[in-house]
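This is a predicted model, so every value here is computed, not measured. Below, read A as the first sequence line, B as the second, and so on, with proteins coming before strands; counting in each chain starts at 1.
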Protein chains: 2
Amino acid sequence: MTAIDEMTPVAGSDRRARRRQETIDEILAIAEDIMNTEGVNGLSLSEVARRLGVKPPSIYKYFDSLMAIYDAHFERGQRVHLEAVRAAMGAAAPGLDALGAGLEASCRWCLAHPATAQLMFWRPVPAFEPTPEAMAPSIEMVGLERRALADAVAAGQLGPGADSDEALWLTSIMVSGVMGQTLANEPSLPWGAGRFSPLLPKLIGTLTALYPPKPSRRRSVG
Amino acid sequence: MTAIDEMTPVAGSDRRARRRQETIDEILAIAEDIMNTEGVNGLSLSEVARRLGVKPPSIYKYFDSLMAIYDAHFERGQRVHLEAVRAAMGAAAPGLDALGAGLEASCRWCLAHPATAQLMFWRPVPAFEPTPEAMAPSIEMVGLERRALADAVAAGQLGPGADSDEALWLTSIMVSGVMGQTLANEPSLPWGAGRFSPLLPKLIGTLTALYPPKPSRRRSVG
DNA sequence: GTCTATACTCCGATAGAC
DNA sequence: GTCTATCGGAGTATAGAC
(Lines give C-alpha, C1' and ligand atoms only; values in the text may rest on other atoms or scores of the structure.)
Protein backbone atom coordinates (compact mmCIF):
# COMPACT_ATOMS: atom_id res chain seq x y z
CA MET A 1 0.00 0.00 0.00
CA THR A 2 3.01 2.26 -0.41
CA ALA A 3 3.00 4.45 -3.46
CA ILE A 4 5.03 3.50 -6.47
CA ASP A 5 8.22 5.44 -6.04
CA GLU A 6 10.23 5.71 -9.12
CA MET A 7 13.16 7.98 -9.66
CA THR A 8 12.43 8.90 -13.20
CA PRO A 9 15.72 9.77 -14.85
CA VAL A 10 15.56 13.05 -16.68
CA ALA A 11 17.05 13.54 -20.12
CA GLY A 12 19.00 16.76 -19.81
CA SER A 13 20.57 17.10 -16.38
CA ASP A 14 19.04 20.53 -16.19
CA ARG A 15 18.14 21.47 -12.64
CA ARG A 16 14.79 22.90 -13.67
CA ALA A 17 13.86 19.76 -15.58
CA ARG A 18 14.86 17.63 -12.64
CA ARG A 19 12.78 19.67 -10.24
CA ARG A 20 9.84 19.45 -12.59
CA GLN A 21 10.13 15.69 -12.84
CA GLU A 22 10.23 15.44 -9.08
CA THR A 23 6.97 17.34 -8.86
CA ILE A 24 5.38 15.05 -11.43
CA ASP A 25 6.53 12.02 -9.47
CA GLU A 26 5.13 13.54 -6.31
CA ILE A 27 1.77 14.22 -7.93
CA LEU A 28 1.53 10.62 -9.09
CA ALA A 29 2.45 9.31 -5.66
CA ILE A 30 -0.20 11.52 -4.06
CA ALA A 31 -2.73 10.35 -6.63
CA GLU A 32 -2.05 6.75 -5.66
CA ASP A 33 -2.43 7.55 -1.98
CA ILE A 34 -5.77 9.19 -2.62
CA MET A 35 -7.04 6.25 -4.66
CA ASN A 36 -5.92 3.84 -1.95
CA THR A 37 -7.89 5.65 0.70
CA GLU A 38 -10.84 7.14 -1.19
CA GLY A 39 -11.24 4.50 -3.87
CA VAL A 40 -10.12 4.68 -7.46
CA ASN A 41 -13.04 6.95 -8.31
CA GLY A 42 -12.25 9.20 -5.39
CA LEU A 43 -9.28 10.74 -7.13
CA SER A 44 -9.75 14.44 -7.73
CA LEU A 45 -7.51 17.18 -9.00
CA SER A 46 -8.50 19.39 -6.11
CA GLU A 47 -7.49 16.81 -3.52
CA VAL A 48 -4.14 16.30 -5.22
CA ALA A 49 -3.55 20.04 -5.09
CA ARG A 50 -4.60 20.16 -1.46
CA ARG A 51 -2.13 17.48 -0.43
CA LEU A 52 0.63 18.91 -2.59
CA GLY A 53 0.13 22.28 -0.91
CA VAL A 54 -0.79 24.20 -4.03
CA LYS A 55 -3.97 25.48 -5.62
CA PRO A 56 -5.79 23.39 -8.22
CA PRO A 57 -4.84 25.48 -11.27
CA SER A 58 -1.16 24.80 -10.61
CA ILE A 59 -1.66 21.11 -11.36
CA TYR A 60 -2.45 21.99 -14.95
CA LYS A 61 1.18 23.00 -15.45
CA TYR A 62 2.03 19.29 -15.08
CA PHE A 63 -1.01 17.45 -16.38
CA ASP A 64 -3.57 18.50 -18.95
CA SER A 65 -6.51 17.01 -17.11
CA LEU A 66 -7.60 14.61 -14.43
CA MET A 67 -7.73 11.83 -17.00
CA ALA A 68 -4.11 12.55 -17.89
CA ILE A 69 -3.19 11.77 -14.29
CA TYR A 70 -5.11 8.53 -14.47
CA ASP A 71 -3.35 7.68 -17.69
CA ALA A 72 0.14 8.50 -16.45
CA HIS A 73 -0.45 6.48 -13.32
CA PHE A 74 -1.87 3.60 -15.35
CA GLU A 75 1.14 3.62 -17.64
CA ARG A 76 3.59 3.73 -14.76
CA GLY A 77 1.73 0.95 -13.01
CA GLN A 78 1.84 -1.29 -16.06
CA ARG A 79 5.53 -0.64 -16.47
CA VAL A 80 6.55 -1.20 -12.85
CA HIS A 81 4.31 -4.25 -12.58
CA LEU A 82 5.88 -5.72 -15.70
CA GLU A 83 9.35 -5.20 -14.31
CA ALA A 84 8.44 -6.87 -11.02
CA VAL A 85 7.11 -9.90 -12.88
CA ARG A 86 10.06 -10.02 -15.25
CA ALA A 87 12.54 -9.90 -12.40
CA ALA A 88 10.81 -12.70 -10.52
CA MET A 89 10.63 -14.88 -13.61
CA GLY A 90 14.25 -14.23 -14.48
CA ALA A 91 15.34 -15.38 -11.04
CA ALA A 92 13.56 -18.73 -11.41
CA ALA A 93 14.19 -21.75 -13.60
CA PRO A 94 12.49 -21.40 -16.99
CA GLY A 95 9.18 -23.19 -17.31
CA LEU A 96 6.71 -23.87 -14.51
CA ASP A 97 8.95 -22.37 -11.85
CA ALA A 98 9.26 -19.11 -13.73
CA LEU A 99 5.53 -19.07 -14.41
CA GLY A 100 4.67 -19.60 -10.76
CA ALA A 101 7.23 -17.05 -9.61
CA GLY A 102 5.92 -14.48 -12.07
CA LEU A 103 2.31 -14.96 -11.11
CA GLU A 104 3.10 -14.74 -7.43
CA ALA A 105 5.13 -11.59 -8.00
CA SER A 106 2.20 -10.15 -9.90
CA CYS A 107 -0.14 -10.88 -7.01
CA ARG A 108 2.24 -9.47 -4.45
CA TRP A 109 2.58 -6.31 -6.47
CA CYS A 110 -1.19 -5.94 -6.85
CA LEU A 111 -1.70 -6.41 -3.12
CA ALA A 112 0.88 -3.71 -2.45
CA HIS A 113 -0.80 -1.38 -4.96
CA PRO A 114 -4.49 -2.21 -4.69
CA ALA A 115 -5.91 0.93 -6.24
CA THR A 116 -3.46 0.83 -9.12
CA ALA A 117 -4.26 -2.83 -9.69
CA GLN A 118 -7.96 -2.08 -9.79
CA LEU A 119 -7.36 0.74 -12.23
CA MET A 120 -5.23 -1.51 -14.42
CA PHE A 121 -7.22 -4.72 -14.36
CA TRP A 122 -10.80 -3.90 -13.40
CA ARG A 123 -11.50 -0.56 -15.07
CA PRO A 124 -13.73 0.96 -12.41
CA VAL A 125 -13.60 4.43 -13.98
CA PRO A 126 -15.92 4.33 -17.00
CA ALA A 127 -14.79 7.73 -18.25
CA PHE A 128 -11.15 6.62 -18.35
CA GLU A 129 -9.82 4.79 -21.37
CA PRO A 130 -6.07 4.12 -21.28
CA THR A 131 -4.09 5.27 -24.27
CA PRO A 132 -2.45 2.61 -26.46
CA GLU A 133 0.98 3.63 -25.17
CA ALA A 134 -0.14 3.01 -21.61
CA MET A 135 -1.37 -0.44 -22.61
CA ALA A 136 1.87 -1.46 -24.31
CA PRO A 137 3.56 -3.15 -21.32
CA SER A 138 0.61 -5.48 -20.86
CA ILE A 139 1.26 -6.97 -24.30
CA GLU A 140 4.81 -7.72 -23.28
CA MET A 141 3.44 -9.23 -20.07
CA VAL A 142 1.36 -11.71 -22.06
CA GLY A 143 4.46 -12.60 -24.04
CA LEU A 144 6.37 -13.45 -20.88
CA GLU A 145 3.67 -15.80 -19.68
CA ARG A 146 3.28 -17.36 -23.06
CA ARG A 147 7.00 -18.06 -23.21
CA ALA A 148 6.99 -19.61 -19.73
CA LEU A 149 4.21 -21.96 -20.81
CA ALA A 150 6.15 -22.91 -23.93
CA ASP A 151 9.26 -23.51 -21.82
CA ALA A 152 7.27 -25.74 -19.50
CA VAL A 153 6.11 -27.77 -22.47
CA ALA A 154 9.64 -27.98 -23.86
CA ALA A 155 10.91 -29.13 -20.46
CA GLY A 156 8.28 -31.85 -20.30
CA GLN A 157 6.58 -30.28 -17.30
CA LEU A 158 3.33 -29.77 -19.18
CA GLY A 159 1.73 -31.43 -22.16
CA PRO A 160 1.84 -29.78 -25.58
CA GLY A 161 -1.66 -28.38 -25.16
CA ALA A 162 -0.32 -25.93 -22.58
CA ASP A 163 1.44 -23.92 -25.27
CA SER A 164 -1.87 -22.33 -26.17
CA ASP A 165 -4.11 -19.35 -25.73
CA GLU A 166 -6.44 -21.46 -23.65
CA ALA A 167 -3.77 -22.20 -21.06
CA LEU A 168 -2.88 -18.53 -20.99
CA TRP A 169 -6.49 -17.55 -20.32
CA LEU A 170 -6.82 -20.20 -17.64
CA THR A 171 -3.82 -18.83 -15.77
CA SER A 172 -5.16 -15.30 -16.08
CA ILE A 173 -8.47 -16.46 -14.62
CA MET A 174 -6.70 -18.07 -11.69
CA VAL A 175 -4.62 -15.03 -10.92
CA SER A 176 -7.55 -12.68 -11.42
CA GLY A 177 -9.65 -14.81 -9.10
CA VAL A 178 -7.10 -14.94 -6.32
CA MET A 179 -6.42 -11.22 -6.59
CA GLY A 180 -10.06 -10.25 -6.84
CA GLN A 181 -11.04 -12.20 -3.75
CA THR A 182 -8.00 -11.04 -1.82
CA LEU A 183 -8.42 -7.36 -2.66
CA ALA A 184 -12.17 -7.41 -2.03
CA ASN A 185 -12.17 -9.41 1.19
CA GLU A 186 -8.80 -9.28 2.90
CA PRO A 187 -6.84 -6.40 1.39
CA SER A 188 -4.89 -5.67 4.54
CA LEU A 189 -3.54 -9.16 5.15
CA PRO A 190 -0.01 -9.86 3.95
CA TRP A 191 0.44 -12.13 0.95
CA GLY A 192 0.39 -15.76 2.02
CA ALA A 193 -2.05 -15.18 4.86
CA GLY A 194 -5.81 -15.41 4.75
CA ARG A 195 -8.12 -17.67 2.80
CA PHE A 196 -7.20 -17.02 -0.80
CA SER A 197 -3.59 -16.11 -1.45
CA PRO A 198 -2.17 -19.39 -0.10
CA LEU A 199 -4.20 -21.23 -2.76
CA LEU A 200 -2.40 -19.75 -5.76
CA PRO A 201 0.28 -22.48 -5.97
CA LYS A 202 -2.39 -25.15 -5.74
CA LEU A 203 -4.29 -23.53 -8.59
CA ILE A 204 -1.22 -23.25 -10.76
CA GLY A 205 -0.54 -26.87 -9.97
CA THR A 206 -3.79 -27.82 -11.64
CA LEU A 207 -2.20 -26.91 -14.95
CA THR A 208 -0.32 -30.18 -14.63
CA ALA A 209 -3.62 -32.01 -14.32
CA LEU A 210 -5.18 -30.07 -17.18
CA TYR A 211 -2.20 -30.55 -19.50
CA PRO A 212 -0.53 -33.73 -18.34
CA PRO A 213 2.96 -34.22 -19.75
CA LYS A 214 3.88 -37.38 -21.57
CA PRO A 215 5.11 -39.69 -18.83
CA SER A 216 8.29 -40.46 -20.76
CA ARG A 217 11.59 -38.69 -20.19
CA ARG A 218 10.35 -35.84 -18.02
CA ARG A 219 12.88 -33.77 -16.11
CA SER A 220 13.02 -32.86 -12.45
CA VAL A 221 10.01 -34.64 -11.07
CA GLY A 222 9.98 -35.59 -7.40
CA MET B 1 -28.15 -6.01 -18.71
CA THR B 2 -31.84 -5.71 -18.04
CA ALA B 3 -32.83 -4.37 -14.67
CA ILE B 4 -33.92 -6.73 -11.95
CA ASP B 5 -37.69 -6.69 -12.19
CA GLU B 6 -39.38 -7.98 -9.18
CA MET B 7 -43.04 -7.68 -8.36
CA THR B 8 -42.72 -7.10 -4.67
CA PRO B 9 -45.91 -8.33 -3.04
CA VAL B 10 -47.36 -5.82 -0.66
CA ALA B 11 -48.75 -6.76 2.74
CA GLY B 12 -52.04 -4.97 2.91
CA SER B 13 -53.77 -4.87 -0.46
CA ASP B 14 -54.20 -1.17 0.01
CA ARG B 15 -54.07 0.68 -3.29
CA ARG B 16 -51.87 3.42 -1.88
CA ALA B 17 -49.37 0.94 -0.50
CA ARG B 18 -49.28 -0.91 -3.80
CA ARG B 19 -48.66 2.26 -5.74
CA ARG B 20 -45.91 3.21 -3.35
CA GLN B 21 -44.22 -0.15 -3.74
CA GLU B 22 -44.37 0.20 -7.50
CA THR B 23 -42.57 3.51 -7.27
CA ILE B 24 -39.89 1.98 -5.07
CA ASP B 25 -39.42 -0.85 -7.56
CA GLU B 26 -39.18 1.67 -10.36
CA ILE B 27 -36.56 3.71 -8.53
CA LEU B 28 -34.43 0.63 -7.98
CA ALA B 29 -34.74 -0.40 -11.62
CA ILE B 30 -33.70 3.08 -12.72
CA ALA B 31 -30.79 2.99 -10.30
CA GLU B 32 -29.57 -0.23 -11.88
CA ASP B 33 -29.85 1.24 -15.36
CA ILE B 34 -27.81 4.24 -14.31
CA MET B 35 -25.10 2.09 -12.75
CA ASN B 36 -24.95 -0.09 -15.85
CA THR B 37 -24.34 2.87 -18.09
CA GLU B 38 -22.46 5.34 -15.87
CA GLY B 39 -20.63 2.89 -13.65
CA VAL B 40 -21.51 1.88 -10.12
CA ASN B 41 -20.13 5.15 -8.80
CA GLY B 42 -22.11 7.13 -11.33
CA LEU B 43 -25.36 6.62 -9.48
CA SER B 44 -26.82 9.89 -8.28
CA LEU B 45 -30.08 10.82 -6.65
CA SER B 46 -30.55 13.65 -9.10
CA GLU B 47 -30.24 11.39 -12.11
CA VAL B 48 -32.74 8.95 -10.63
CA ALA B 49 -35.18 11.80 -10.14
CA ARG B 50 -34.57 13.05 -13.66
CA ARG B 51 -35.35 9.68 -15.22
CA LEU B 52 -38.33 9.11 -12.95
CA GLY B 53 -39.72 12.47 -14.00
CA VAL B 54 -39.76 14.06 -10.57
CA LYS B 55 -37.61 16.54 -8.66
CA PRO B 56 -34.82 15.27 -6.42
CA PRO B 57 -36.53 16.03 -3.09
CA SER B 58 -39.36 13.67 -3.97
CA ILE B 59 -36.98 10.71 -3.86
CA TYR B 60 -36.55 11.27 -0.13
CA LYS B 61 -40.16 10.18 0.37
CA TYR B 62 -39.01 6.68 -0.62
CA PHE B 63 -35.39 6.49 0.44
CA ASP B 64 -33.58 8.28 3.24
CA SER B 65 -30.40 8.85 1.30
CA LEU B 66 -28.37 7.82 -1.71
CA MET B 67 -26.71 5.11 0.36
CA ALA B 68 -30.14 3.71 1.23
CA ILE B 69 -30.73 3.18 -2.50
CA TYR B 70 -27.39 1.39 -2.78
CA ASP B 71 -28.31 -0.77 0.17
CA ALA B 72 -31.79 -1.65 -1.04
CA HIS B 73 -30.40 -2.54 -4.45
CA PHE B 74 -27.60 -4.57 -2.88
CA GLU B 75 -30.09 -6.49 -0.74
CA ARG B 76 -32.40 -7.17 -3.66
CA GLY B 77 -29.46 -8.26 -5.79
CA GLN B 78 -28.26 -10.72 -3.18
CA ARG B 79 -31.74 -12.14 -2.83
CA VAL B 80 -32.50 -12.50 -6.53
CA HIS B 81 -29.02 -13.88 -7.22
CA LEU B 82 -29.47 -16.46 -4.48
CA GLU B 83 -32.80 -17.56 -5.91
CA ALA B 84 -31.32 -17.93 -9.39
CA VAL B 85 -28.55 -20.13 -8.02
CA ARG B 86 -30.90 -22.13 -5.84
CA ALA B 87 -33.24 -22.81 -8.75
CA ALA B 88 -30.41 -23.97 -11.00
CA MET B 89 -28.99 -26.25 -8.34
CA GLY B 90 -32.39 -27.70 -7.55
CA ALA B 91 -32.92 -28.63 -11.19
CA ALA B 92 -29.67 -30.61 -11.32
CA ALA B 93 -28.56 -33.84 -9.74
CA PRO B 94 -27.10 -33.27 -6.24
CA GLY B 95 -23.32 -33.15 -6.09
CA LEU B 96 -21.01 -31.99 -8.84
CA ASP B 97 -23.83 -31.41 -11.31
CA ALA B 98 -25.65 -29.14 -8.90
CA LEU B 99 -22.44 -27.32 -8.04
CA GLY B 100 -21.61 -26.69 -11.68
CA ALA B 101 -25.16 -25.65 -12.49
CA GLY B 102 -25.23 -23.25 -9.56
CA LEU B 103 -21.92 -21.66 -10.42
CA GLU B 104 -22.89 -21.24 -14.04
CA ALA B 105 -26.20 -19.71 -13.03
CA SER B 106 -24.33 -17.34 -10.76
CA CYS B 107 -22.08 -16.27 -13.62
CA ARG B 108 -24.97 -15.85 -16.01
CA TRP B 109 -26.78 -13.70 -13.50
CA CYS B 110 -23.71 -11.54 -12.89
CA LEU B 111 -23.21 -11.04 -16.62
CA ALA B 112 -26.84 -9.99 -16.94
CA HIS B 113 -26.48 -7.59 -14.00
CA PRO B 114 -22.89 -6.35 -14.23
CA ALA B 115 -23.23 -3.24 -12.11
CA THR B 116 -25.13 -5.07 -9.40
CA ALA B 117 -22.55 -7.83 -9.42
CA GLN B 118 -19.75 -5.33 -9.03
CA LEU B 119 -21.58 -3.66 -6.19
CA MET B 120 -22.15 -7.01 -4.50
CA PHE B 121 -18.81 -8.69 -5.01
CA TRP B 122 -16.19 -5.99 -5.66
CA ARG B 123 -17.26 -3.10 -3.44
CA PRO B 124 -16.26 -0.23 -5.72
CA VAL B 125 -18.07 2.37 -3.58
CA PRO B 126 -15.90 2.92 -0.50
CA ALA B 127 -18.53 5.03 1.23
CA PHE B 128 -21.07 2.23 0.99
CA GLU B 129 -21.11 -0.49 3.61
CA PRO B 130 -23.98 -2.97 3.24
CA THR B 131 -26.14 -3.53 6.28
CA PRO B 132 -26.05 -6.98 7.91
CA GLU B 133 -29.59 -7.67 6.67
CA ALA B 134 -28.50 -7.03 3.11
CA MET B 135 -25.61 -9.47 3.55
CA ALA B 136 -27.78 -12.27 4.92
CA PRO B 137 -28.51 -14.05 1.60
CA SER B 138 -24.81 -14.44 0.88
CA ILE B 139 -24.45 -16.63 3.98
CA GLU B 140 -27.17 -18.90 2.68
CA MET B 141 -25.38 -18.94 -0.67
CA VAL B 142 -22.25 -20.32 0.96
CA GLY B 143 -24.36 -22.99 2.61
CA LEU B 144 -25.71 -24.14 -0.75
CA GLU B 145 -22.24 -24.53 -2.21
CA ARG B 146 -20.95 -26.25 0.87
CA ARG B 147 -23.79 -28.75 0.69
CA ALA B 148 -23.16 -29.44 -2.99
CA LEU B 149 -19.52 -30.22 -2.21
CA ALA B 150 -20.57 -32.54 0.61
CA ASP B 151 -23.03 -34.27 -1.72
CA ALA B 152 -20.29 -34.72 -4.30
CA VAL B 153 -18.12 -36.38 -1.69
CA ALA B 154 -20.98 -38.58 -0.53
CA ALA B 155 -21.65 -39.60 -4.12
CA GLY B 156 -18.02 -40.54 -4.63
CA GLN B 157 -17.49 -37.82 -7.23
CA LEU B 158 -14.86 -36.07 -5.12
CA GLY B 159 -12.50 -37.20 -2.41
CA PRO B 160 -13.27 -36.45 1.23
CA GLY B 161 -11.00 -33.40 1.22
CA ALA B 162 -13.52 -31.57 -0.95
CA ASP B 163 -15.94 -31.26 1.96
CA SER B 164 -13.85 -28.39 3.29
CA ASP B 165 -13.47 -24.65 3.49
CA GLU B 166 -10.50 -24.88 1.18
CA ALA B 167 -12.54 -26.42 -1.62
CA LEU B 168 -15.17 -23.76 -1.08
CA TRP B 169 -12.60 -21.00 -1.41
CA LEU B 170 -11.11 -22.59 -4.49
CA THR B 171 -14.48 -22.63 -6.23
CA SER B 172 -15.09 -19.03 -5.24
CA ILE B 173 -11.73 -18.08 -6.72
CA MET B 174 -12.57 -19.84 -9.98
CA VAL B 175 -15.95 -18.17 -10.29
CA SER B 176 -14.58 -14.81 -9.26
CA GLY B 177 -11.80 -15.14 -11.82
CA VAL B 178 -14.06 -16.06 -14.69
CA MET B 179 -16.53 -13.31 -13.82
CA GLY B 180 -13.88 -10.69 -13.24
CA GLN B 181 -12.19 -11.32 -16.56
CA THR B 182 -15.49 -11.53 -18.40
CA LEU B 183 -16.96 -8.37 -16.92
CA ALA B 184 -13.74 -6.40 -17.37
CA ASN B 185 -12.89 -7.53 -20.88
CA GLU B 186 -15.94 -8.85 -22.69
CA PRO B 187 -18.99 -7.65 -20.79
CA SER B 188 -21.21 -7.48 -23.87
CA LEU B 189 -20.62 -11.00 -25.13
CA PRO B 190 -23.24 -13.59 -24.24
CA TRP B 191 -22.35 -16.26 -21.73
CA GLY B 192 -20.50 -19.11 -23.40
CA ALA B 193 -18.83 -16.89 -25.97
CA GLY B 194 -15.45 -15.18 -25.72
CA ARG B 195 -12.25 -16.26 -24.09
CA PHE B 196 -13.19 -16.81 -20.47
CA SER B 197 -16.73 -17.98 -19.85
CA PRO B 198 -16.34 -21.24 -21.82
CA LEU B 199 -13.54 -22.22 -19.43
CA LEU B 200 -15.69 -22.40 -16.31
CA PRO B 201 -16.59 -26.11 -16.70
CA LYS B 202 -12.96 -26.96 -17.26
CA LEU B 203 -12.02 -25.11 -14.08
CA ILE B 204 -14.70 -26.83 -12.05
CA GLY B 205 -13.45 -30.08 -13.48
CA THR B 206 -10.09 -29.50 -11.86
CA LEU B 207 -11.79 -30.12 -8.52
CA THR B 208 -11.74 -33.78 -9.50
CA ALA B 209 -7.97 -33.57 -9.96
CA LEU B 210 -7.51 -31.65 -6.74
CA TYR B 211 -9.70 -33.97 -4.69
CA PRO B 212 -9.57 -37.30 -6.49
CA PRO B 213 -12.23 -39.75 -5.36
CA LYS B 214 -11.29 -43.20 -4.17
CA PRO B 215 -11.23 -45.26 -7.34
CA SER B 216 -13.44 -47.94 -5.78
CA ARG B 217 -17.19 -48.08 -6.28
CA ARG B 218 -17.63 -44.65 -7.83
CA ARG B 219 -20.93 -43.85 -9.53
CA SER B 220 -21.63 -42.50 -12.99
CA VAL B 221 -18.18 -42.18 -14.48
CA GLY B 222 -17.77 -42.24 -18.25
C1' DG C 1 5.02 28.29 -12.03
C1' DT C 2 2.49 30.25 -8.73
C1' DC C 3 -1.47 32.66 -7.49
C1' DT C 4 -6.53 34.98 -7.48
C1' DA C 5 -10.73 35.19 -9.53
C1' DT C 6 -14.05 33.31 -12.03
C1' DA C 7 -17.35 30.47 -14.83
C1' DC C 8 -19.67 26.54 -14.92
C1' DT C 9 -21.86 22.16 -13.69
C1' DC C 10 -23.05 19.03 -10.60
C1' DC C 11 -24.21 16.94 -6.13
C1' DG C 12 -26.94 15.63 -1.41
C1' DA C 13 -29.96 17.28 1.59
C1' DT C 14 -33.56 20.26 4.10
C1' DA C 15 -37.53 23.63 4.88
C1' DG C 16 -41.83 24.69 3.93
C1' DA C 17 -45.84 25.84 0.68
C1' DC C 18 -49.49 23.47 -1.65
C1' DG D 1 -46.43 13.23 -2.12
C1' DT D 2 -45.36 16.80 -5.05
C1' DC D 3 -43.25 21.06 -5.73
C1' DT D 4 -40.02 25.61 -5.26
C1' DA D 5 -36.39 27.61 -3.04
C1' DT D 6 -32.32 27.24 -0.86
C1' DC D 7 -28.15 25.84 1.56
C1' DG D 8 -23.57 24.29 1.40
C1' DG D 9 -20.46 21.89 -0.76
C1' DA D 10 -17.90 19.51 -4.34
C1' DG D 11 -15.61 19.31 -8.72
C1' DT D 12 -12.99 20.65 -13.60
C1' DA D 13 -11.20 24.02 -16.03
C1' DT D 14 -9.73 28.77 -17.94
C1' DA D 15 -8.02 33.72 -17.89
C1' DG D 16 -4.86 36.61 -16.49
C1' DA D 17 -1.89 39.08 -12.89
C1' DC D 18 2.54 38.52 -10.70
Using the benzene-type ring in the case of Trp, are the ring centres of B/His81 and B/Phe121 under 6.0 Å apart?
->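 Centroid distance B/His81-B/Phe121: below 6.0 Å, so yes.
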
Figure out the CG/P separation between A/Leu43 and D/dA10, and round it to whole Å.
-> 16 Å

Salt bridge (charged side-chain N to carboxylate O under 4.0 Å, His left out) between B/Arg108 and B/Glu104, worked out | CA-CA 6 Å; B/Arg108 283 179 183 274; B/Glu104 183 186 322; 2.7 Å; yes

From [atom1] ([X]) to [atom2] ([Y]), nearest 0.5 Å:
{"X": "B/Thr23", "Y": "B/Tyr62", "atom1": "OG1", "atom2": "OH", "answer": "4.0 Å"}
{"X": "A/Met141", "Y": "A/Met89", "atom1": "CE", "atom2": "CE", "answer": "7.5 Å"}
{"X": "B/Phe196", "Y": "B/Trp191", "atom1": "CZ", "atom2": "CH2", "answer": "11.5 Å"}

Which part of the nucleic acid does B/Ser46 contact within heavy-atom distance under 4.0 Å: base, sugar-phosphate only, or nothing?
-> sugar-phosphate

How is A/Arg16 classified with respect to the nucleic acid when contacts are heavy atoms under 4.0 Å: base, sugar-phosphate, or nothing?
->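 Answer is nothing: A/Arg16 stays at 4.0 Å or more from every strand.
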
Does A/Asp165 CG have over 12 foreign heavy atoms under 6.0 Å away?
-> yes

Shortest non-hydrogen contact between B/Ile204 and B/Leu103, atoms and distance =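 What the structure gives for the nearest pair is CD1-CD1, 3.7 Å.
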
What is the 5' to 3' range of DNA chain C, first to last nucleotide, that sits under 4.0 Å from any heavy atom of chain A?
->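 Endpoints of the contacted stretch of DNA chain C: C/dG1 to C/dA5.
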
What parts of residues 55-70 of chain B reach DNA chain C, counting only heavy atoms under 4.0 Å away?
-> B/Pro57, B/Tyr60, B/Ser65, B/Leu66

With A/Arg76, which of A/Asp71, A/Asp25, A/Asp5 fulfils salt bridge (charged side-chain N to carboxylate O under 4.0 Å, His left out)?
-> A/Asp25

